[in-house]
Amino acid sequence: MAHISDTFGSMVFGDSAMRERLPQETYRALQRTICDGRSLDRSVANVVANAMKDWATEKGATHFTHWFQPMTGITAEKHESFLAPDGISGRPILEFSGRELIKGEPDASSFPSGGLRATFEARGYTAWDPTSYAFIKDDTLCIPTAFCSYGGHALDKKTPLLRSMEALNRQAMRIMKLFGNDYVRRVNTTVGCEQEYFLIDKALYWRRPDLRFTGRTLFGAKPPKGQELDDHYFGALKPRVAAFMADLDRELWRLGIFSKTEHNEVAPAQHELAPVFTTANIAADQNQLMMEYMKKVADRHGMCCLLHEKPFAGINGSGKHNNWSLTTNTGINLLDPGDTPHENAQFLLFLCAVILAVDEYQDLLRAAVATAGNDHRLGGNEAPPAIISMFVGDELSAVLGAIERGERYVQSERSVMRTGVHVLPKIPQDTTDRNRTSPFAFTGNKFEFRMPGSAISPSGPNTVLNTIVAEALCRFADTLEEADDFDTALNSLLRTTLKEHGRILFGGNGYAGDWSDEAERRGLSNLKSTADALPALVAPKNVALYTRHKVFSACELRARYEIMLEEYTKVLGIEALTMLEMAKRDILPAVSGYTSTLSAAIATKKAVDDGLPCTYEQDTLRQLCALSDCLYRKVERLDSALLEGGNCSDSLELAQHYRRSVFAAMQEMRAVADEMETLLPRTSWPYPTYEELLFSV
């Protein structure tokens, strides 16, 4: 434990390093920016830069980079060395100025922009985000930054997240003042992202073109055993996995990431890592680092880490459960109901704000998690359905029901769990169970948004959550600030909100067949695919929301809409082309070769003795010949579907065509190939099977 304490955060220019190396006044100025959100005084930049350079070079860093999150969904870096020539002698010296800390100028021409600038306009700017600590990675000082265009438009995921945090803080502070909390200076959103992933053998990974090009298996017959016995979930860690997790922990701890919980997940070869909560901005940065190091450390251990939402059909996919809450700078969790939630008016107001926000902006929440990969995952195997609903548990449901009816809530006595074993300690029973099928579930003092896929950046969903809750709080503050009698107005506001938005509350089974019908009767949306969900980004009410709170401009929203549509069609296009190549170059030739072997075996038997039975060979030959012919026709159909995309007039029509025609043709093609796999001997099938991939580590 002493070793962990000594090394934790050793590669982060965090609070202890700043306190030690910065002059007291500079440190205080920087803390005012980090803790209170005040504008940064540029006069401190040179002092901070020099201290940061000295600290980094002492730890072996030779370069620095502005580390940013473009719209590709991953991080980007442009490395610059600290080395510079002395102006007089020309000897090498180490330099890092305040200007280099605050502002960088990467070439922005090849990053997605959605039409915010022309391709030939290459200039882009990175701006230091002092609220997220700099860190050292691979002998490079990484400075978290925002990324914008020459015209000031956000070209990244960090800038909108920071804007949304400011918007939520503004509106939450209005509510704080109404409740007399004048000592509170700031309200932050806190986030903890549970990260699910798969580990497979690296040698097998390199033999699967579909995994290399798309991150998921496009073909693969179901093995005899999957997750049916639930024996992998929370099971003992295998030695290779345990060694990987221990190594990963060490790397993340050095970067100041509180890697806290790790275990086997439900599916074979699936695992999970969860960190401790921190502010949304830092949580998003740390999750990006976590995903990068998962891949890097897995490679060192002879494995490959798969972060795709559904790398294997027929078993659990991987999510990034986004645990979201609100916390004051004094450490008070505003979503903590306390022991008597029915008497906690402040909590009830924030809870109702979230209810209003989720109900009114269901479409935006669905769009925030819309990707080609996540479309495979939503709707089963512990992933929530595409229908947005909220689960608040039995006790809060009863409290909210009483408020809506205008009745007095009588709190039931908390019971003790009865295990029937006297030696076991008495455990107080929670007031409600958990609902694993709910997309948006209250879990004690936070909301768990279970819809985001494992590969997504947390910045997108949290930008939406922050903005829609800011809007709800703004409406509440507008009403309550004008009220003559605060208590009467508050009670009326809560009742009205629950009557108008209570339809979003659902405590039942989200997988049940009749839930979609009930959801439709309630007026809830069911946007089943990315192509269905993305138009929400440019719906007039949503554009008005974002522009009102200065999170996105109208053109920034349009850009993201175009980028996400283009990404969706490109992903499906790459998958389709990969399937065609695998079928034409490997699967069909392999099956043809085996049918020749069968034909030769039949001919040999007949030559020896015409009466020798050949039932197995003949039946298998007939099946494979029929399936080969069928697969070839499916190949032609997929080819045609891709060509037909050229007739689409805009990006939405193209995305809808890919979903309707290209994806459907891919599914049909896979079904035929997977059946063929079950008829071929292992030595004849050209790729590692699901059995090998899932049970190789």
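For Gln270 (side chain) and Gly317 (main-chain N/O), a donor-acceptor pair under 3.5 Å exists by modelled atom type. Remark: side-chain polar atoms of Tyr511 are paired, donor with acceptor, to backbone N or O of Ala383 under 3.5 angstrom. Without hydrogens or angle criteria, His263 side chain to Glu272 main chain gives no donor-acceptor distance under 3.5 Å. Judged by distance alone, the side chain of Arg212 and the main-chain N or O of Trp206 form a donor-acceptor pair under 3.5 Å. The backbone N or O of Val369 sits less than 3.5 Å from a side-chain atom of Asn374, completing a donor-acceptor pair. In this structure, the side chain of Tyr690 engages the main chain of Ala313 through a donor-acceptor pair within 3.5 Å. Lys158 contributes no side-chain N or O that, together with a main-chain N or O of Phe68, makes up a donor-acceptor pair within less than 3.5 Å. Remark: side-chain polar atoms of Arg208 are paired, donor with acceptor, to backbone N or O of Pro688 under 3.5 angstrom. When atom types are taken as modelled, the side chain of Lys260 and the backbone of Pro275 share no donor-acceptor pair closer than 3.5 angstrom. Proximity of a side-chain donor or acceptor of Glu196 to a complementary backbone N or O of Gly319 within less than 3.5 Å is detected.
In this structure, Met451 and Leu365 have side chains that are not in contact, with every pair of non-hydrogen atoms separated by 4.5 Å or more. Using a 4.5 Å cut-off on side-chain heavy atoms (C-beta onward), Met390 and Val354 make contact. Residues Thr214 and Val571 form no side-chain contact, since every pair of their non-hydrogen atoms from C-beta on lies 4.5 Å or further apart. Side chains of Leu465 and Asn322 form a contact here, defined as non-hydrogen atoms less than 4.5 Å apart. Side-chain contact between Lys137 and Tyr293: present, with at least one pair of heavy atoms (C-beta onward) separated by less than 4.5 Å. At a threshold of 4.5 Å between non-hydrogen side-chain atoms, the residues Glu575 and Arg216 count as touching. Residues Ile282 and Thr131 fail the side-chain proximity criterion, which asks for heavy atoms closer than 4.5 Å. Residues Leu161 and Asn466 form a side-chain contact, since some pair of their non-hydrogen atoms from C-beta on lies under 4.5 Å apart.
In terms of the ring pair (Phe, Tyr, Trp, His ring centres under 6.0 Å) criterion, His301 has no residue partners (sequence neighbours excluded). Legend: residues meeting ring pair (Phe, Tyr, Trp, His ring centres under 6.0 Å) with Phe258, ordered by chain and number and at least two apart, are Phe8. For Tyr568, there are no ring pair (Phe, Tyr, Trp, His ring centres under 6.0 Å) partners two or more places apart in sequence or in a different chain.
No side-chain donor from either of Asn188 and Thr279 sits under 3.5 Å from a side-chain acceptor of the other. Of the N and O atoms on the side chains of Thr145 and His66, not one donor lies less than 3.5 Å from an acceptor on the other residue. Using a 3.5 Å distance cut-off with no hydrogens or angles, the side chains of Thr530 and Asp375 do pair a donor with an acceptor. At a cut-off of 3.5 Å, with distance as the only test, a side-chain donor of Gln227 or Asn316 sits close to an acceptor on the other residue. Judged purely by distance below 3.5 Å, without hydrogens or angles, the side chains of Thr159 and Asp156 pair a donor atom with an acceptor atom.
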### Task
Please step through side-chain contact (heavy atoms from CB on, under 4.5 Å) for the pair Lys59 and Leu141, ending with a clear verdict.
CA-CA 10 Å; Lys59 291 184 175 291; Leu141 173 66; over 6 Å; no
### Task
Report the C-alpha distance between Leu307 and Met294 in whole Å, list the side-chain angles of each, state the deciding distance to 0.1 Å, and finish with yes or no for side-chain contact (heavy atoms from CB on, under 4.5 Å).
CA-CA 9 Å; Leu307 292 172; Met294 281 177 170; 4.1 Å; yes
### Worked check of side-chain contact (heavy atoms from CB on, under 4.5 Å) between Phe135 and Met11
CA-CA 6 Å; Phe135 56 91; Met11 290 298 168; 5.5 Å; no
### Task
Check the pair Phe219, Met579 against side-chain contact (heavy atoms from CB on, under 4.5 Å), reporting the backbone distance first and the verdict last.
CA-CA 8 Å; Phe219 298 106; Met579 289 188 83; 3.6 Å; yes
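Note that OG of Ser325 and CG of Asn445 are 6.0 Å apart. Values are rounded to the nearest 0.5 Å. Taking CG from Asp201 and CG from Leu694, the interatomic distance works out to 12.5 Å, rounded to the nearest 0.5 Å. Taken from CG in Asn287 to CD in Glu292, the straight-line distance is 11.5 Å, to the nearest 0.5 Å. Here CG of Leu638 is found 10.5 Å from CG of Leu631. Values are rounded to the nearest 0.5 Å. To the nearest 0.5 Å, atoms CG (Asn462) and CH2 (Trp324) are separated by 8.5 Å. Atom CZ of residue Phe234 and atom CG of residue Asn264 lie 9.5 Å apart, to the nearest 0.5 angstrom.
Environment of NZ in Lys225: crowded, with over 12 heavy atoms of neighbouring residues, nucleotides or ligands closer than 6.0 Å. Sparse packing is recorded around CZ of Arg585, with 12 or fewer heavy atoms of other residues, nucleotides or ligands lying under 6.0 Å away. Shown here is Lys202, whose NZ atom has more than 12 heavy atoms of other residues, nucleotides or ligands within 6.0 Å. At most 12 heavy atoms of other shown residues, nucleotides or ligands fall within 6.0 angstrom of atom NZ in Lys528.
Between Arg366 and Asp532 there is no salt bridge, since none of the side-chain N atoms of the basic residue sits less than 4.0 Å from a carboxylate O of the acidic one. Between Asp210 and Arg670 there is no salt bridge, since no side-chain N of the basic residue sits under 4.0 Å from a carboxylate O of the acidic one. We find that Glu251 and Arg254 are joined by a salt bridge, their nearest charged nitrogen and carboxylate oxygen being less than 4.0 Å apart.
The shortest heavy-atom contact between Gly256 and Val12 is N-CG2, 3.7 Å. Scanning both residues, Gln69 and Ser457, for their nearest heavy atoms gives OE1-OG, 4.0 Å. In terms of heavy atoms, Gly453 sits closest to Lys320 at O-CB, 3.4 Å. Heavy-atom minimum distance, Trp515 versus Ser389: CZ2-CB, 3.9 Å. Of all non-hydrogen atoms in Ala533 and Ala367, the two that sit nearest each other are O-CB, 3.6 Å. When all heavy atoms of Phe198 and Pro311 are compared, the closest pair comes out as CD1-CG, 3.5 Å.
Ring geometry for Tyr197 against His271 counts as tilted: the plane angle lies between 30° and 60°, on a 0 to 90° scale. Between Phe447 and Phe440, the ring planes are parallel. Angles under 30° get that label, and only those over 60° would be called perpendicular.
In summary, of the residues considered (Glu692, Glu677, Glu691), a salt bridge (charged side-chain N to carboxylate O under 4.0 Å, His left out) with Arg682 occurs for Glu691 alone. Applying ring-ring contact (aromatic ring centres under 6.0 Å, His included) to Trp55 and the options Phe64, Phe13, Tyr133 leaves one that passes, Phe13.
Annotation: His232 is not in aromatic contact with Phe695 [ring centroid separation under 6.0 Å not met].
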